[in-house]
Structure formats: structure tokens, C-alpha cells
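Here's the structure we're looking at; comments come further down.
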Amino acid sequence: MPELPEVETIRRDLAPLVAGRTITGVEVDPGTLPLLAGAPIETLRANLVGRTIRSLGRRGKYLLFELDDGRWFAAHLRMTGRLVWRERGAPPEPYERAVIQLDDGHDLRWSDLRKFGTWRLHASAEEVTAKLGPEPIDAGLTEAQFRRVLEGRRAPVKAVLLDQRRFAGLGNIYVDEALYAAGVRPDTPAGDLSRAAMGRLYRACREVLERGIAHRGASFRDYVDGQGNEGQQHMFVQVFRRTGKPCYVCGTPIARSIVGGRATHYCPRCQRPARRPRRAGEGARRAG
DNA sequence: CGTCCCCTGTCA
DNA sequence: TGACAGGGGACG
């Protein structure tokens, strides 16, 4: 469910509420096995209870609790996960699967309809982020570095943008929105994009993520922020789940297809195929 | 790389 | 009843 803007909104909500708090209890519904990826709940509890939370960070779509023993507790909400701050004794959230109790009388309530979310304890922050690419909104990510990730790739540009090892934080909503804003067709082989198109895409990725944060995330279905409230970004999308509705720019009906295994929405007129088709003999080239 | 799968619910 | 759902890991 949540992509970078949604996770960042939750982080900003919860960070001041959990920083400096000590964890006094951890309860997990035993029916929610995927959450711990096989690790015994007793082990997790032993490692968390008594620890004080130094800070709450985020990398890509991971929420990262920095603990006072130097370790990091990483939570990933996957499709339907929620994490909200509640007073102890408040009624359970819908599909509540786990509770982290804090020493100030509040709980972090973890709910997850589809049970895809994951919790894991890491020895270092680097261990969490080792497999993740840069975030498109990283201040240090230059346009040239962005292009380098796309260059030479035969995979659809949408698949490259969704691959968290290439770039961290983009998901299905923001990728479709970024490709629309850049005027790029999602199934274009990434390496076929012109330099100018890559530049537009670089800026579009940053803009859609920043706009998503400004609107506190997109609540199409399950997402809520750290207080349980919906975001606003779903009211501003240009193409995502607008299949058959007119493009806001040219009026052409928004098309839907499958790219990278995901439902994909685009304007067939505003988003042109690559202007730089691959030449003979270029087909086998690959980038590292 | 694409495909299947995890799980549970909603919608056509 | 079947298709589909803000994700990602395993597989071939």
C-alpha cells in the first residue's frame, strides 16, 4: 500500500511521539506469522522490551526505529499495513495484528488486513538499506546518476523505476504519475529513452513524490497516517486508476495495460513511444 | 526478466 | 465467480 510519501507521512507523525520513549511490551497475534519471517516472538520481545527509541527514520518504504543499543527495528507495511498511535485501552483497530506498548501509556497499533507486512531487527542501518537504490528525492542524486541507472536497460522503464534495488520509494501510484508527468510511455525500454526524456523523468519522479508528501499520502483504500487519518493525494492523481476517463490535458481516454506485472495507467496521446528506437546490433547491450 | 505466491477483502 | 488490490521474495 504505502509508498515513500505515505511512509514518510507516518514517520513525521510518529517521530516526535516515540522519540525517547521506552518499549514496555510487544504483543503479536500468532496468526500473523509472515510478520516475523519465522523469527520467534519471544526473541523479538526480548530484543525490544526495555529498549528506548532514539529516533524514527525511513529509507525507501521501510520505517526504521533506532534503538538505544545501536540496533534498528525495521517495519515494512507492504500492501495493507497500518501503524497508528493510540492511547492504551483504546478499542482495537480493524485487523489489528500487533501492539507495541510505550512507557507513556500509549500504544503503536499495527494492523494489516492481508498480513504481508514485515518486522525485522537489524544490527545496523546499513544492513537494512544495503539492497536499496537511491531515493529519487535524495538531494545528492544528480540527473546524470539517474540516467546512468536507466541507460542500456532493455526492461520497461516502469519496471526499472519499481525495482527498489534501482531506486527506493517509488510504487505503482507514483510511477504511473511520474511517467505521465514526463510524457513517457511506461513500456518503453528504459535504455531507449532520449537524454531529454530521462531528464524529464528525473524531475517528474522528484515532483510527484514531493507532492505526495505535501498532500500527506494517497488514500485509495487502506492507507492512513500515524493518527489514523486519510491523506489527500488520491484526489490529485492524473492517471492512476483513471482508466477510460479523459486525460486532463488532451481528453484522450486513459489506457490501462500490464507492465512489470502491475496495472499501468497512461495517456496514449500525451505519453509517446521512445523517440530513439534501438538500432541494429544494439539489442544485446546491457548495463551493469 | 516475467510469473506465481503470500492473504483477505471488494467490486463488476 | 473471477478479477483485482499503494509490495516484494522465490523461482526458472
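Naming convention: chains lettered A, B, ... in sequence-line order (proteins, then strands); numbering from 1 in each chain.
dG6(C) is unpaired under the Watson-Crick or G-U wobble criterion, no partner having all donor-acceptor distances under 3.5 Å. dC1(B) is paired with dG12(C) under the Watson-Crick or G-U wobble criterion, all donor-acceptor distances under 3.5 Å.
The closest side-chain donor-acceptor pair between T80(A) and D112(A) falls under 3.5 angstrom. Side-chain atoms of E66(A) and S55(A) form a donor-acceptor pair, as typed in the model, at a separation below 3.5 Å. Side-chain contact of S257(A) with T264(A): a donor-acceptor pair under 3.5 Å is absent, judged by distance alone.
Residue E230(A) contributes atom CD, which lies 17 Å from atom P of dG6(C) at whole-angstrom precision.
Note on ring orientation: taking the six-membered ring where Trp is involved, the planes of H106(A) and W85(A) are parallel (angle under 30°, cut-offs 30° and 60°).
Here the side chain of R114(A) is nearest to one of dG8(C), dG6(C), dC7(B), namely dC7(B). Out of dT8(B), dG8(C), dG6(C), the shortest distance to the side chain of R97(A) is found at dT8(B). Between dC1(B), dG6(C), dC7(B), one nucleotide has an atom nearer to the side chain of A155(A) than all others, and that is dC1(B). Side-chain proximity of R256(A) to dA5(C), dT8(B), dG6(C): nearest is dA5(C). Taking only side-chain atoms of A263(A), from C-beta outward, the nucleotide of dT10(B), dA5(C), dT8(B) with the closest atom is dA5(C). Picking from dG9(B), dG8(C), dG6(C) the nucleotide with the shortest atom distance to the side chain of L113(A) gives dG9(B).
Ring-to-base geometry does not place F116(A) in a stacked arrangement with dC7(B) (centre distance under 5.5 Å, plane angle under 30° required).
Base orientation for dG6(C): syn, the chi torsion being within 90° of 0.
Across all strands, P94(A) comes closer than 4.0 Å to no nucleic acid atom at all (heavy-atom distances). Counting non-hydrogen atoms under 4.0 angstrom, S219(A) reaches a base of the nucleic acid.
Between dC7(B) and Y95(A), no contact under 4.0 Å exists linking OP1 or OP2 to a side-chain N or O. Regarding contacts with the backbone of dG9(C), every side-chain N or O of K131(A) stays at 4.0 angstrom or more from both OP1 and OP2. Look at R241(A) and you'll find a side-chain N or O under 4.0 angstrom from OP1 or OP2 of dG6(C).
Taking all atoms of both residues into account, the shortest heavy-atom contact from L48(A) to I23(A) is O-CB, 3.5 Å.
In terms of position on DNA chain B, the residue among K115(A) and G261(A) whose nearest nucleotide sits closer to the 5' end is G261(A).
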